[in-house]
Trainee: 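Can you keep this structure in mind? I'll have questions shortly.
The basis for the numbers below is simple: all heavy atoms, side chains too, and nothing from hydrogens, waters or symmetry mates. Note that the numbering runs from 1 along the sequence shown for the chain.
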Amino acid sequence: TGVQTCALPICQELVVALAGPAVNVVIALVLAVILGQGDGVKPGTEPGAVPYLVKLFWVNVMLAAFNLVPAFPMDGGRVLRALLAMRIHYARATRIAANVGQSVALLFGLIGMFGNPVLLFIALFVWMGAAQESQQVEIRSALSGVTIRQVMVRELQFLGPQETLASAVQHLLDGDRKSTRLNASH
């Protein structure tokens with residue numbers, strides 16, 4: 001997965017990432033139309049219904065805006081990565097998007113320390129999500145092209161009861177893809 005103009009997985013990620021905030025925008029638009037028709041109230045409407053719709057409108061506007069903040073694991077981070085991956089390698093795009101996400105997390109954390117403490121939890125969530133996403137893509141990228149044959153155990157090496165723990169550890173650290181088993185039958 002290198003540089004791609006809009007390969008299927010990248011386009012799918014972009015569409016899926018934009019779908020959540022788009023639903024919030026559609027709900028907000030529908031509510032804006034309902035609220036914009038006169039006073040939005042018909043005879044017999046329950047008291048408090050209009051303030052509820054106004055609150056629901058603003059919740060959807062805020063959710064759309066918040067989810068588009070370019071920080072993993074939020075939709076905005078995935079949008080940023082997809083847009084970057086159209087121009088640069090997917091792993092590098094992920095690293096950049098994760099770094100942006102962690103920068104946003106630091107900003108949330110600072111604001112949270114002096115204002116809303118809930119932002120501290122959001123900052124922690126965003127920081128960890130960005131780090132995990134970046135690490136997962138790095139591992140996948142590093143292992144791409146590695147075959148099972150290259151990492152499989154081909155020979156078993158048995159250790160008898162007289163072998164020391166240091167000897168067993170040394171066999172494991174030799175890295176020759178031989179599996180070391182303890183043989184308790186001796």
Side-chain angles (χ1 to χ4, degrees), residues 1 3-141:
T1 51
V3 177
Q4 303 174 12
T5 52
C6 197
L8 190 59
I10 292 174
C11 284
Q12 285 175 340
E13 179 176 37
L14 185 60
V15 168
V16 168
L18 289 171
V23 168
N24 292 118
V25 168
V26 168
I27 291 170
L29 289 173
V30 168
L31 289 169
V33 168
I34 291 170
L35 291 168
Q37 295 177 354
D39 58 2
V41 181
K42 296 186 181 198
T45 302
E46 241 181 87
V50 172
Y52 172 76
L53 292 179
V54 170
K55 288 178 186 175
L56 191 58
F57 167 81
W58 283 111
V59 163
N60 278 283
V61 168
M62 296 306 290
L63 276 173
F66 184 74
N67 277 325
L68 286 174
V69 170
F72 276 124
M74 296 185 302
D75 293 327
R78 298 195 183 285
V79 169
L80 177 60
R81 174 177 58 190
L83 293 173
L84 288 171
M86 291 178 190
R87 302 280 179 233
I88 60 177
H89 192 277
Y90 188 78
R92 184 158 187 255
T94 301
R95 249 189 328 274
I96 292 170
N99 288 340
V100 169
Q102 288 182 323
S103 298
V104 170
L106 285 174
L107 181 63
F108 283 173
L110 285 173
I111 295 169
M113 286 172 47
F114 301 108
N116 186 348
V118 172
L119 283 178
L120 290 171
F121 293 108
I122 294 171
L124 181 63
F125 172 72
V126 169
W127 182 275
M128 289 173 34
Q132 287 175 347
E133 185 74 25
S134 182
Q135 184 180 33
Q136 178 186 12
V137 170
E138 288 292 327
I139 290 170
R140 191 179 311 136
S141 178

Trainee: Between CD of E133 and CD of Q136, what distance do you get to the nearest 0.5 Å?
Mentor: 5.5 Å

Trainee: Is it the case that the side chain of S134 and the backbone of A130 share a donor-acceptor pair, with hydrogens and angles ignored and the cut-off at 3.5 Å?
Mentor: no

Trainee: State, to 0.1 Å, how close P117 and G115 come at their nearest heavy-atom pair, and which atoms those are.
Mentor: CD-O, 3.2 Å

Trainee: To the nearest 0.5 Å, tell me how far I122 CD1 sits from M74 CE.
Mentor: 8.0 Å

Trainee: Tell me, which pairs form a side chain to side chain donor-acceptor pair (under 3.5 Å) where one or both residues lie in residues 68-77, sequence neighbours left out?
Mentor: none

Trainee: Looking only at heavy atoms, which two atoms of A97 and L84 are closest? And how far apart?
Mentor: N-CD1, 4.3 Å

Trainee: Can you tell me how far apart CZ (F108) and CG (N116) are? Round to the nearest 0.5 Å.
Mentor: 11.0 Å

Trainee: Between the main-chain N or O of V137 and the side-chain N or O of S141, is there a donor-acceptor pair closer than 3.5 Å?
Mentor: no

Trainee: Step by step, work out the side-chain contact (heavy atoms from CB on, under 4.5 Å) result for Y90 and R95.
Mentor: CA-CA 9 Å; Y90 188 78; R95 249 189 328 274; over 6 Å; no

Trainee: CD1 of I111 to CG of L106: how many Å apart, nearest 0.5 Å?
Mentor: 11.0 Å

Trainee: Apply the test side-chain contact (heavy atoms from CB on, under 4.5 Å) to residues L14 and V79: give CA-CA distance (whole Å), side-chain angles for both, the deciding distance (0.1 Å), then the verdict.
Mentor: CA-CA 5 Å; L14 185 60; V79 169; 3.9 Å; yes

Trainee: Begin from the C-alpha positions of L53 and F57 and carry the test side-chain contact (heavy atoms from CB on, under 4.5 Å) through to its verdict.
Mentor: CA-CA 6 Å; L53 292 179; F57 167 81; over 6 Å; no

Trainee: Closest heavy-atom contact between A93 and A85?
Mentor: CB-N, 3.6 Å

Trainee: Is there a side-chain contact (heavy atoms from CB on, under 4.5 Å) between L35 and V54? Walk through the geometry before answering.
Mentor: CA-CA 7 Å; L35 291 168; V54 170; 3.8 Å; yes

Trainee: Might you point out which heavy atoms bring P70 and L80 nearest each other, and give the distance in Å?
Mentor: CB-CD2, 4.0 Å

Trainee: Tell me, please, which residues at least two apart from L56 pass side chain to side chain contact (heavy atoms under 4.5 Å, CB included).
Mentor: L31, Y52, N60

Trainee: Which distance, rounded to the nearest 0.5 Å, do you find between the CG of N24 and the CE of M62?
Mentor: 11.5 Å

Trainee: Grab the two heavy atoms, one from A82 and one from E13, that are nearest each other, plus how far apart they are.
Mentor: CB-OE1, 4.1 Å

Trainee: So do Q132 and F72 actually touch side chain to side chain, heavy atoms under 4.5 Å?
Mentor: no

Trainee: Would you name the heavy atoms of G112 and L120 that are closest together and state the gap between them?
Mentor: C-CG, 4.0 Å

Trainee: Nearest 0.5 angstrom please: I96 CD1 to L83 CG, how far?
Mentor: 12.5 Å

